[in-house]
Amino acid sequence: MRSDYIWSIVLFFPLLIIQTTIIPFISINGITPDLILIMLVFYTIRNGQVYGTVLGFVYGFLFDLITGSLLGSAMLSKTIAGFIAGYFTNENKREIYFKTYIFILIVFLCAVVDLIINSFFSSIDLNTSIGVLLFEQGVMPGIYTAVLSTFIILFYPKRSIIEN
Amino acid sequence: MFRSLTNVWENFKEYIVLVVLIIVSLITLSLNQKPAAKKIKSLAFGSFAAFTSVISDVFDISGVRSENEKLRKLNAELMLEVSELRKYGIENSELKQLLSLRDSSQYPLIPAAIISKSLSRLQNTFTLNAGKNNGLKPGMPVINDQGLLGVVNSISDDFSIVQTLKNVDLKLTVKDERSGVEGIMKWNGSELVLGDIPKTYDIQPGDRIITSQLSSIVDIPIPIGMSLGLSNVETGIFNEAKIKPYADFIKAEHVFVISIVESKQKSGFELNFYNRK
């Protein structure tokens, strides 16, 4: 578990480099998947709700600092996303979560919450329909993030999860 | 007492941690405009951008790089020149002479490459591999051969962050080149819109939208996009027009920063005028 604490921070930086250099190439109509969130959900399910909440806070803080976005917005949204992902921490069910589509659904739920909260903390133009905005800024990128998380689960060695 | 506190912590630690971190986040949100926060941000992205630039370079073919750069610079200069000529064609040249308008067809361009992009629906930003040492300053417009991409927002010694047009925090005064209608353009989260235009104003689909000389941020004519027509807002007296940007923000790699900044003298003068008693 302690190695998880270190790896979750160490892996953040290469993942952020990929997020800002390579992921834009696979964006669809400006919608990009969020690798950081997938990693946050992954480590939260492994290590618990308090850990996930704190990790979300740290990820958000680093993300805001490095990408130059509004300091505090990703901090808040990722903290809450980590907290929600923490509800799915269960040692007995962990294997089921990682092996099946349930992980994708958890990522989707957390991504939608993360993106919607992030939207609320930006000076958004409310002339546009809230429903449309939530769909475009929450659901669509959430689906893309969830779809991408499929590949990570497919290629992740399941045995190591069980052993840990 | 201690035991009861321990019990509370054991039973509600998840919620306590959540509430504390939310409060810290909200406090941080309110500190965004503090110079210290800006300095820390500029330091952080400057250090990280050094790593990102290495990855970015891998994707760049070094052989054609310099040639591409020259051609892109030429393209950008020609684009500005064409834009300037269009403006002259529409305006009355005689009036311009009378008003002694300054001929400003020569703009110093600073080449730069985009080394990372933060693409979100609300706050699109690019990181450039040029900064204070290359002569960049916050407020300078960033263009490519297609048109305006954004404005430099924060800088470190060797890197800078650009707020693109697709950023809710960037609002620009623009005008319809054909009819001369001016308005504030902003990104609403899904589209670029020219807002608060009186319903009687003339904006047709296909009209070129350029930056207005009234803008305190970018006061030279740079193409932005094409009008998609008025939206016919049902309530109120104002209308809005949707704009399709010329620049492709996803594919943009090499850019030029126009070495002009907002005139403090002009802004100060205008401010004094409005504040006079």
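Just so it is clear: chains get the letters A, B, ... in the order the sequence lines come, proteins before strands, and each one is counted from 1. Keep in mind the model is a prediction, meaning the values are calculated, not measured. The analysis underlying the following values was restricted to heavy atoms, covering all of them including side chains, and did not include hydrogens, waters or symmetry mates.
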When rounded to the nearest 0.5 angstrom, what distance separates [atom1] in [X] from [atom2] in [Y]?
X: Phe57(A); Y: Leu21(B); atom1: CZ; atom2: CG; result: 5.5 Å
X: Phe48(B); Y: Phe13(A); atom1: CZ; atom2: CZ; result: 7.5 Å
X: Ile114(B); Y: Thr21(A); atom1: CD1; atom2: OG1; result: 13.0 Å
X: Ile250(B); Y: Ile26(A); atom1: CD1; atom2: CD1; result: 11.0 Å
X: Ser77(A); Y: Ile22(B); atom1: OG; atom2: CD1; result: 10.5 Å

* Tell me, do Leu31(B) and Leu71(A) make a side-chain contact under 4.5 Å, heavy atoms counted? ->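 Answer no - side chains too far apart.
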* **Minimum side-chain heavy-atom gap Thr127(B)-Thr20(A) below 4.5 Å** => no
Tell me, for [X] versus chain B, whether the close heavy atoms (under 4.5 Å) come from the side chain, the backbone, both or neither.
X: Tyr87(A); value: side chain
X: Ser69(A); value: both
X: Leu16(A); value: both

* Structure fact -> Honestly, the part of Ile40(B) sitting under 4.5 Å from a heavy atom of chain A is both
* Asked: Which heavy-atom pair separates Phe25(A) from Glu253(B) by the least distance, and what is that distance?
  -> CE2-OE2, 4.5 Å
* To do: Among Asp64(A), Thr67(A), Leu65(A), find the residue that satisfies the side-chain contact (heavy atoms from CB on, under 4.5 Å) test when tested with Lys41(B).
  =>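 Answer after filtering Asp64(A), Thr67(A), Leu65(A): Leu65(A).
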* **Result of checking Val168(B), Leu29(B), Thr28(B) against Leu70(A) for side-chain contact (heavy atoms from CB on, under 4.5 Å)** =>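 Per the side-chain contact (heavy atoms from CB on, under 4.5 Å) rule, the option paired with Leu70(A) is Leu29(B), out of Val168(B), Leu29(B), Thr28(B).
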